[in-house]
Structures are given as C-alpha cells and as structure tokens.
Amino acid sequence: MPELPDVEYYRIYLTATALHKTIARVEVRAPRILEGVTERRLRSVLAGRAFQSARRHGKYVFAAIEGGEGGWLVMHFGMTGRLSYFKDIGDDPKHDRFLIGFENGYFLAFVNQRKFGHVALAMSPEAFAEAKGLGPDALSIGREEFAVRLGERRGGAKATLMNQKVLAGIGNIYADEILFRAGVHPKTPVNTLDEETLGTLHAVMGDVLHTAIAAKRRCEDFPGSYLLPHRHEGGVCPLDGTPLETITISGRRTYFCPTHQSDERE
DNA sequence: CTGTAGACTTGTGCTA
DNA sequence: AAACCACAAGTCTACA
C-alpha cells in the first residue's frame with residue numbers, strides 16, 4: 001500500500017493519535033528494520049519524550065521529538081505496512097516490528113509484514129531527504145519545477161515518475177494511474193513530452209494524489225473511472241472496455257490501456 | 001545516465 | 001493434502 005497517499009494517511013493517523021503523549025517504553029521486535037540506529041539509542045532518544053508534530057516527504061513519515069536532544073523519528077513502510085494505535089498489549093497487531101508505549105497505557109505499532117520498511121532517526125526531514133537524495137515531494141512540487149526536472153531526463157515516463165530522486169512519493173500503482181489518466185504511454189521518453197503534456201501530467205498527478213488521500217480518509221473506493229480497480233488479470237479499460245495490456249518496467253508489473261495511452265515512440 | 005536482474009522478506013493463491 | 005512456484009503497492013546493488 002505505502003505510496004504517497006497511504007503514507008499521508010499514516011501521517012494524519014499519527015497526528016490524530018500519538019502527539020503530545022509521553023513515551024514510557026520502546027520495543028524493537030525486528031531489529032533488521034532499524035537503519036543506522038540501535039534499539040538502545042532509540043530508547044534513550046524517545047523515553048520520557050513526546051512527539052510534537054508529524055510530517056511527510058515522499059513515502060517517509062517523520063515525527064518530531066519534543067525536548068531532549070530533539071530530532072525526528074523516521075519511518076518508511078516498504079511494500080507493506082501501516083501504523084496502529086491500540087490500548088491493550090494483548091491486542092498488538094500481527095507483524096508489529098516496532099512498538100512505542102505511552103504513559104497513558106496506549107501503544108503505537110509500526111506494522112510491517114515484509115520487513116522491507118525502515119525506522120531511523122534524523123536531524124530534520126530536510127536533512128534526511130537531502131542525505132537520501134530524494135527529489136521534491138510529489139504533492140508540493142510546482143508545475144515549473146516538475147517540467148524542468150522531467151525535461152532533464154531521458155528515461156521512460158513511468159520509470160521517471162517512480163524515481164524517488166526525480167520526485168518523491170510515486171510508486172507502481174499511482175504511476176500507472178497517473179499515466180492512464182494523462183493518456184501517456186508508460187515508455188514514452190519524458191524529454192519528448194511537450195510543455196502542454198507535462199502540464200497535464202502535473203495536474204493529473206495532483207488530482208490523483210488528492211483523490212486517493214481523500215478516499216483513504218473516508219475509507220471509500222476509488223472512482224469507477226480510475227484504472228486502479230481494474231488493475232488485475234483480465235482487467236479492462238474503464239473508459240471503453242479495451243483489455244488492458246501489461247508490460248514490465250523497472251521490474252514492476254505495469255498496466256495500461258493500448259487505445260488511450262498511445263505509444264509515441266513509433 | 002538507463003534499463004534489467006537479483007536480493008531482501010513473508011504470505012497468498014495457483015498448480016498439480 | 002502438502003508442497004512449490006510466482007508474485008506482491010519498495011529500494012539497493014551489480015552489471016551491460
């Protein structure tokens with residue numbers, strides 16, 4: 001699940017549940033998810049403190065640590081995962097890899113079935129993004145910068161949208177959705193797209209991400225005109241029923257409509 | 001720079 | 001039925 005809209009939802013969830021509550025205990029149940037930090041260090045940084053705010057950049061959530069040395073807790077979910085706030089330790093969710101217990105008796109769990117996720121510490125979201133080489137967040141990037149950054153690239157449209165160094169937050173599912181709605185073939189070299197198409201791509205990206213976040217918050221399904229519900233074996237284009245085609249790009253399965261996403265390379 | 005393939009990890013669903 | 005293989009919403013490294 002965890003592409004930008006999902007992670008934005010986790011940020012909202014963390015904000016709604018876990019801010020301004022004193023942390024009493026920290027437990028790491030799968031050490032492999034720790035990145036550049038030890039359980040002992042996490043304990044000393046978090047115990048007795050509280051989170052004061054939460055932010056997101058791309059697919060990362062950051063929680064500001066109030067008091068002490070300050071700093072930020074960083075979380076990335078990999079291909080699976082979510083946050084869960086619960087009261088009874090006996091109700092701890094399956095696959096909880098990292099647990100924060102608050103003085104009020106509640107817990108916040110970093111749930112991560114496949115263990116591709118990571119927990120780290122950073123001085124700031126900006127410093128972390130810089131160190132990782134992440135591009136601007138896909139929800140914040142303006143039309144101009146979007147056009148410039150894509151214009152500098154020679155790769156295919158989908159691979160470029162998913163490249164976290166170009167812009168951060170788009171993954172396999174939403175790359176397909178954005179390209180479908182913009183009518184762009186996933187292999188179109190981005191440097192061949194004209195200004196108008198780049199503008200469309202940028203606008204569609206914003207629409208898709210905002211729509212997805214709103215849908216998550218209300219636990220709604222996606223609009224029927226979206227590709228997402230049809231993105232499976234035997235799926236057809238929601239516009240006219242054309243069977244969707246699949247190809248592999250960057251090792252990820254790619255679904256697209258051969259009639260509405262013309263191949264510009266010919 | 002680009003694209004591809006393989007690793008990492010765990011669960012699920014298909015095949016037989 | 002149990003077991004096996006392919007595959008899944010991510011990212012990193014090695015290599016052509």
Side-chain angles (χ1 to χ4, degrees), chain A residues 1-11 28-36 56-61 74-83 93-98 109-120 128-129 131-135 137-139 148-180 185-193 205 208-209 211-213 215-216 219 221-222 226-235 244 246-256 265:
Chain A
M1 269 186 266
E3 293 187 40
L4 189 152
D6 313 279
V7 179
E8 174 63 9
Y9 178 71
Y10 303 152
R11 183 193 69 77
V28 175
R29 296 187 165 180
R32 77 161 8 255
I33 64 156
L34 297 183
E35 192 174 79
R56 181 193 56 71
H57 185 107
K59 301 172 189 173
Y60 291 87
V61 176
V74 185
M75 290 178 280
H76 186 286
F77 297 87
M79 287 177 88
T80 56
R82 63 195 170 85
L83 294 175
K94 202 169 181 182
H95 310 304
D96 51 337
R97 310 305 191 187
F98 172 55
F110 174 80
V111 184
N112 196 230
Q113 178 195 110
R114 225 165 290 166
K115 297 181 184 170
F116 284 170
H118 294 293
V119 168
F128 183 85
K132 279 271 174 188
L134 297 179
D137 182 72
L139 257 194
V148 169
R149 292 185 76 88
L150 265 65
E152 289 171 342
R153 295 270 160 178
R154 284 173 300 140
K158 176 163 179 178
T160 306
L161 280 180
M162 286 200 302
N163 185 338
Q164 303 299 300
K165 298 189 175 191
V166 175
L167 77 171
I170 309 294
N172 197 33
I173 296 286
Y174 291 105
D176 279 3
E177 189 68 56
I178 291 162
L179 293 171
F180 170 69
H185 189 281
K187 285 197 171 175
T188 311
V190 280
N191 61 0
T192 65
L193 297 174
M205 177 174 78
V208 166
L209 295 177
T211 299
I213 293 165
K216 299 267 167 210
C219 298
D221 289 333
F222 286 82
Y226 267 53
L227 179 70
L228 210 158
H230 308 276
R231 211 176 161 289
H232 55 76
E233 204 69 39
L244 297 177
T246 62
I247 50 178
T248 298
I249 292 178
S250 302
R252 326 292 302 151
R253 175 159 278 211
T254 300
Y255 288 81
F256 70 100
R265 295 168 300 151

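Nothing here was measured: the structure is a model prediction, and the numbers come from that model. Note on naming: letters A, B, ... go to the chains in the order of the sequence lines (proteins, then strands), and numbering restarts at 1 for each one.
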Counting the atoms with a prime plus P, OP1 and OP2 as sugar-phosphate, which does [X] contact under 4.0 Å by heavy atoms, base, sugar-phosphate, or nothing?
X	value
A:Lys158	nothing
A:Gly155	sugar-phosphate
A:Gly156	sugar-phosphate

(request) State whether A:Lys132 places a side-chain N or O below 4.0 Å from either non-bridging phosphate oxygen (OP1 or OP2) of C:dT11. (result) no
(message) Just N and O in the side chain of A:Lys59: are any of them under 4.0 Å from OP1 or OP2 of C:dT11?
(response) yes
Give the rounded distance in Å between these two atoms: [atom1] of [X] and [atom2] of [N].
X	N	atom1	atom2	value
A:Leu209	C:dA9	CG	P	17 Å
A:His232	C:dA9	NE2	C1'	16 Å
A:Ile247	B:dG3	CD1	C1'	13 Å
A:Asn163	B:dT2	CG	C1'	10 Å
A:Lys187	B:dG3	NZ	C1'	10 Å
A:Arg252	C:dT11	CZ	P	9 Å
A:Asn172	C:dT11	CG	P	11 Å
A:Met79	C:dC12	CE	P	14 Å

(request) Would you mind reporting whether A:Arg56 and A:Leu4 have side-chain heavy atoms less than 4.5 Å apart? (result) yes
(request) Classify the angle between the aromatic ring planes of A:His118 and A:His76 as parallel (below 30°), tilted (30 to 60°) or perpendicular (above 60°). (result) tilted
(message) Can you tell me how the ring of A:Tyr174 sits relative to the ring of A:Phe222, calling it parallel under 30°, perpendicular over 60° and tilted otherwise?
(response) tilted
(request) Can you sort out the partners of A:Asn163 under side chain to side chain contact (heavy atoms under 4.5 Å, CB included), two or more places apart, ordered by chain and number? (result) A:Arg153, A:Lys165, A:Val166
(message) Donor-acceptor check, side chain of A:Gln164 to backbone of A:Gly169, threshold 3.5 angstrom: yes or no?
(response) yes
In whole angstrom, give me the gap between the [atom1] atoms of [N] and [M].
N	M	atom1	result
B:dT10	C:dA1	P	27 Å
C:dA3	B:dT9	P	22 Å
B:dG6	C:dA6	P	11 Å
C:dC12	B:dG11	P	24 Å

For residues [X] and [Y], report the shortest heavy-atom separation together with the two atoms involved.
X	Y	value
A:Arg253	A:Asp176	O-OD2, 4.0 Å
A:Ile249	A:Pro186	CD1-CB, 3.6 Å
A:Arg82	A:Pro93	NH2-CB, 3.7 Å

(message) Taking the basic N atoms (NZ, or NE/NH1/NH2) and the acidic carboxylate oxygens, is any pair closer than 4.0 Å for A:Glu35 and A:Lys132?
(response) yes
(request) Would you mind telling me which of A:Phe77, A:Tyr10, A:Phe128 makes a ring-ring contact (aromatic ring centres under 6.0 Å, His included) with A:Tyr60? (result) A:Phe128
(message) Base contacts versus sugar-phosphate-only contacts with protein, heavy atoms under 4.0 Å: please encode nucleotides 9-16 of chain B as B, S and - from 5' to 3'.
(response) BBS-----
(request) Side chain of A:Glu3 only, please: which of B:dC1, C:dG10, C:dT11 is the nearest? (result) C:dG10
(message) Side chain of A:Arg253, heavy atoms from C-beta onward: which of C:dC12, C:dT11, C:dA8 has the nearest atom to it?
(response) C:dA8
(message) Give me the stems containing DNA chain B, sorted by first residue, counting only three or more consecutive Watson-Crick or G-U pairs with both distances under 3.5 Å; say none if there aren't any.
(response) B:2-8 with C:10-16, B:10-13 with C:5-8
